[in-house]
Amino acid sequence: MTPLRQEIDADATGLDADALDRLDGHFARQVDEGRLPGFLVAVARGGRVAHLTVHGMRDVAAGLPVTADTLWRIYSMTKPVTSVAALTLVEEGRLSLDDPVERYLPAFAGPRVYVEGTADDVVTRPASGPVLVRHLMTHTAGLTFGFYHAHPVDALYRAAGLESSTRPGADLAETVDLYASLPLQFEPGTRWNYSVASNVLGRLVEVVSGRPLDVFCGERIFRPLGMTDTGFEVTDEQAGRLAELYGETDDGGGIAPVPGLPLRGRPRFLSGSGGLVSSAYDVHRFAELLRRRGELDGVRVLAPATVDLMTRNHLPGDADLRSFGSRPAHDRPGNDGVGFGLGVSVVIDPSRTEAPSGLGTYGWSGVATTTFWVDPEHDLTVQFLTQVRPKSSHTVYPDLKRLVAAALTD
């Protein structure tokens with residue numbers, strides 16, 4: 001366990017300390033108003049942490065404060081980690097982005113695509129081509145989430161017991177086979193739909209490597225990088241540092257504790273989409289690995305060219321998420337000017353983004369209001385950690401980006 005520490009004064013790195021104080025004050029007010037329990041925010045320039053603030057509580061009822069070594073459920077920030085795991089196999093020649101998934105997961109042979117009808121009477125047809133590994137990493141496979149309630153295929157996921165991505169009691173292999181038995185929403189590669197694809201990718205890593213996902217990630221990513229607080233479970237020693245998970249109340253005026261990931265003991269379902277717990281130090285290490293194009297402190301996990309490939313837009317025609325998304329929820333300002341790489345979003349047109357962003361900025365967020373990004377143009381990495389599952393869209397991420405941009409003085 002190593003807590004994150006500030007390493008240099010903000011002013012020495014081209015950051016305005018007063019502007020960063022305003023950033024802290026903005027989110028501290030949300031804690032005072034009962035909309036956040038507490039938070040950690042860190043801004044690094046050139047790899048050195050120039051701003052680190054902890055505020056509020058990791059457990060309100062117990063009166064336990066947020067500390068630099070608090071543990072957080074990072075949910076969908078797991079997806080870039082799973083992509084890195086898969087890309088190590090690509091580098092070894094054991095996997096290709098253009099391999100059909102069915103080569104390793106036979107249940108995906110002969111996929112069918114939704115044509116019309118309701119969940120009770122769906123018409124499908126054979127897909128014109130296979131689901132490829134790159135489709136999983138870019139969320140263009142035609143898979144979905146059961147909780148969307150936006151398409152008949154979403155309803156088929158719920159009918160199959162997949163409201164929360166996995167059927168209770170099922171492991172990753174069983175769950176992925178269940179995904180494969182359901183129709184795709186669209187032809188692979190033709191639309192973007194945020195989905196369970198990273199779970200399929202995680203299972204692919206298991207089959208190709210011959211290792212369980214948690215073991216492989218530990219061997220190839222976490223231990224080499226010194227990410228000792230990252231994993232799919234928490235030990236007895238770590239448990240006291242784990243933040244409580246909250247959800248917004250029905251009226252949107254406050255927060256209350258809600259059930260979170262079952263992290264005590266190794267989970268039966270190892271979610272490559274959202275199963276990890278981590279610390280600010282470990283998130284910083286992972287972000288630095290990417291910023292440094294695959295190497296950190298003498299440990300190389302990926303080649304520079306592979307990180308470059310991961311962090312550029314892969315949507316056809318250099319499309320953004322708003323224009324290439326498959327459902328109404330994608331048609332929102334936050335998706336303007338933002339494309340998608342291999343497990344991360346990528347800013348392709350800063351003039352159209354909802355909040356200020358450098359060209360090529362990449363990263364991802366989690367459902368409990370955690371986020372990280374790397375801005376190569378400004379040599380900047382940022383993370384924000386709290387534990388609130390919102391019932392609707394919120395302004396934490398665009399506010400954070402605006403406030404960080406306002407602190408840049410060069």
Side-chain angles (χ1 to χ4, degrees), residues 70-89 133 136-139 141 143 145 147 162 164-166 171-173 175-176 179 194-206 209 211-225 227-234 238 242-243 245 260-263 266-290 301-302 310-311 340-345 362-374 383-389 397:
T70 293
L71 299 181
W72 314 85
R73 300 163 187 84
I74 62 171
Y75 285 106
S76 287
M77 284 166 57
T78 303
K79 291 177 172 69
V81 176
T82 303
S83 287
V84 167
L87 287 168
T88 66
L89 297 172
V133 174
L136 299 178
M137 291 196 191
T138 56
H139 292 280
L143 299 165
F145 281 119
F147 55 74
L162 295 168
S164 299
S165 302
T166 183
D171 64 13
L172 183 58
T175 300
V176 167
Y179 299 155
Y194 193 51
S195 71
V196 298
S198 295
N199 283 335
V200 182
L201 186 65
R203 178 58 184 156
L204 201 63
V205 168
E206 292 190 328
S209 70
R211 296 274 198 278
L213 184 61
D214 56 346
V215 173
F216 186 81
C217 288
E219 291 174 347
R220 303 299 290 273
I221 303 172
F222 305 148
R223 284 200 292 278
L225 295 179
M227 295 171 60
T228 59
D229 273 331
T230 302
F232 292 88
E233 59 183 304
V234 295
Q238 293 172 317
L242 180 65
L245 180 65
L261 289 170
L263 294 168
R266 184 173 183 264
R268 179 168 170 78
F269 177 67
L270 297 168
S271 173
S273 286
L276 287 177
V277 62
S278 192
S279 66
Y281 177 82
D282 287 8
V283 171
H284 175 68
R285 298 285 290 177
F286 184 75
E288 278 299 297
L289 173 77
L290 298 180
V301 176
L302 292 174
M310 176 184 177
T311 57
F340 205 82
L342 303 179
V344 290
S345 61
Y362 58 86
W364 202 238
S365 305
V367 72
T369 318
T370 63
T371 193
F372 87 99
W373 74 81
V374 178
Q383 63 171 302
F384 183 90
L385 302 171
T386 187
Q387 294 283 262
V388 177
R389 296 189 63 148
Y397 302 144

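FYI, the numbering just counts along the sequence from 1. Note that these values count all heavy atoms, side chains included, but never hydrogens, waters or copies made by symmetry. Every value quoted in this text rests on a predicted model; they were computed, and no experiment measured them.
- In summary, Glu288 and Arg285 do not engage in a salt bridge, as defined by a charged side-chain N under 4.0 Å from a carboxylate O.
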> Between Phe286 and Thr230, is a side-chain contact (heavy atoms from CB on, under 4.5 Å) present by the stated rule, with each step listed?
Replying inline: CA-CA 10 Å; Phe286 184 75; Thr230 302; over 6 Å; no
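- Rounding to the nearest 0.5 Å gives a distance of 8.0 Å between CE of Met137 and CG of Leu204.
- Distance CD/Gln238 to OG1/Thr70: 12.5 Å, rounded to 0.5 Å.
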>> Before you tell me yes or no, could you show the steps for Phe232 and Leu276 under side-chain contact (heavy atoms from CB on, under 4.5 Å), namely the whole-Å CA-CA distance, both residues' side-chain angles and the distance that decides it to 0.1 Å?
In response: CA-CA 5 Å; Phe232 292 88; Leu276 287 177; 3.6 Å; yes
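- Taking 4.5 Å as the limit, some side-chain heavy atom of Phe216 sits within range of a side-chain heavy atom of Thr88.
- When side chains are defined from C-beta on, Leu290 counts as touching Val84, because their heavy atoms get closer than 4.5 Å.
- At distances below 3.5 Å, at least one donor-acceptor pair connects side-chain atoms of Glu233 with backbone N or O atoms of Arg266.
- Atom-to-atom distance recorded for Leu213:CG and Leu172:CG is 7.0 Å, nearest 0.5 angstrom.
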> Can you list the steps and then say if Ile74 with Val277 is a side-chain contact (heavy atoms from CB on, under 4.5 Å)?
Replying inline: CA-CA 6 Å; Ile74 62 171; Val277 62; over 6 Å; no
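- Side chain of Ser271 to backbone of Ser273: a donor-acceptor contact under 3.5 angstrom is found.
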>> The test is side-chain contact (heavy atoms from CB on, under 4.5 Å); show your working for Leu270 and Glu206 and say whether it passes.
In response: CA-CA 10 Å; Leu270 297 168; Glu206 292 190 328; 3.9 Å; yes
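- Pairing each heavy atom of Ala243 with each of Gln387, the nearest pair is CB-CG, 3.7 Å.
- Using a 4.5 Å cut-off on side-chain heavy atoms (C-beta onward), Leu71 and Val234 make contact.
- Residues Gly343 and Pro80 come closest through the heavy atom pair O-CG, 3.3 Å.
- If you run ring pair (Phe, Tyr, Trp, His ring centres under 6.0 Å) between Trp364 and each of Phe340, Trp373, Tyr397, Phe372, only Phe340 comes through.
- With 3.5 Å as the limit, one finds no donor-acceptor pair spanning the side chains of Lys79 and Thr82.
- Under the 3.5 Å distance criterion, with hydrogens and angles disregarded, no donor-acceptor pair is assigned to the side chains of Tyr281 and Asp229.
- For the atom pair OG of Ser278 and CZ of Arg73, the computed distance is 13.0 Å after rounding to the nearest 0.5 Å.
- Atom-to-atom distance recorded for Ser83:OG and Leu302:CG is 10.5 Å, nearest 0.5 angstrom.
- In plain terms, the two heavy atoms of Thr78 and Gly272 that are nearest each other are CG2-O, 3.4 Å.
- No hydrogens or angles considered: a donor-acceptor pair under 3.5 Å links the side chains of Tyr194 and Ser76.
- Using a 4.5 Å heavy-atom cutoff, the side chains of Arg389 and Tyr75 are in contact.
- Pairing each heavy atom of Ile221 with each of Ala85, the nearest pair is CD1-N, 3.8 Å.
- In terms of modelled atom types and a separation under 3.5 Å, the side chain of Thr138 and the main chain of Leu342 share no donor-acceptor contact.
- In this structure the side chain of Ser164 never reaches within 4.5 angstrom of the side chain of Phe269, judged on heavy atoms.
- The shortest non-hydrogen separation linking Asn199 to Ser165 is ND2-CB, 4.2 Å.
- Taking each heavy atom of Ala287 and Val374 in turn, the nearest pair found is O-CG2, 3.8 Å.
- Note on Glu219 versus Arg211: salt bridge recorded, some NZ/NE/NH1/NH2 to OD/OE distance being below 4.0 Å.
- Under the 3.5 Å distance criterion, the side-chain polar atoms of Ser198 are left unmatched by any main-chain donor or acceptor of Leu201.
- Here the side chain of Tyr362 pairs no donor or acceptor atom with the backbone of Met310 at under 3.5 angstrom.
- Here the straight-line distance linking atom CG of Leu136 with atom CZ of Arg203 works out to 13.5 Å at 0.5 Å rounding.
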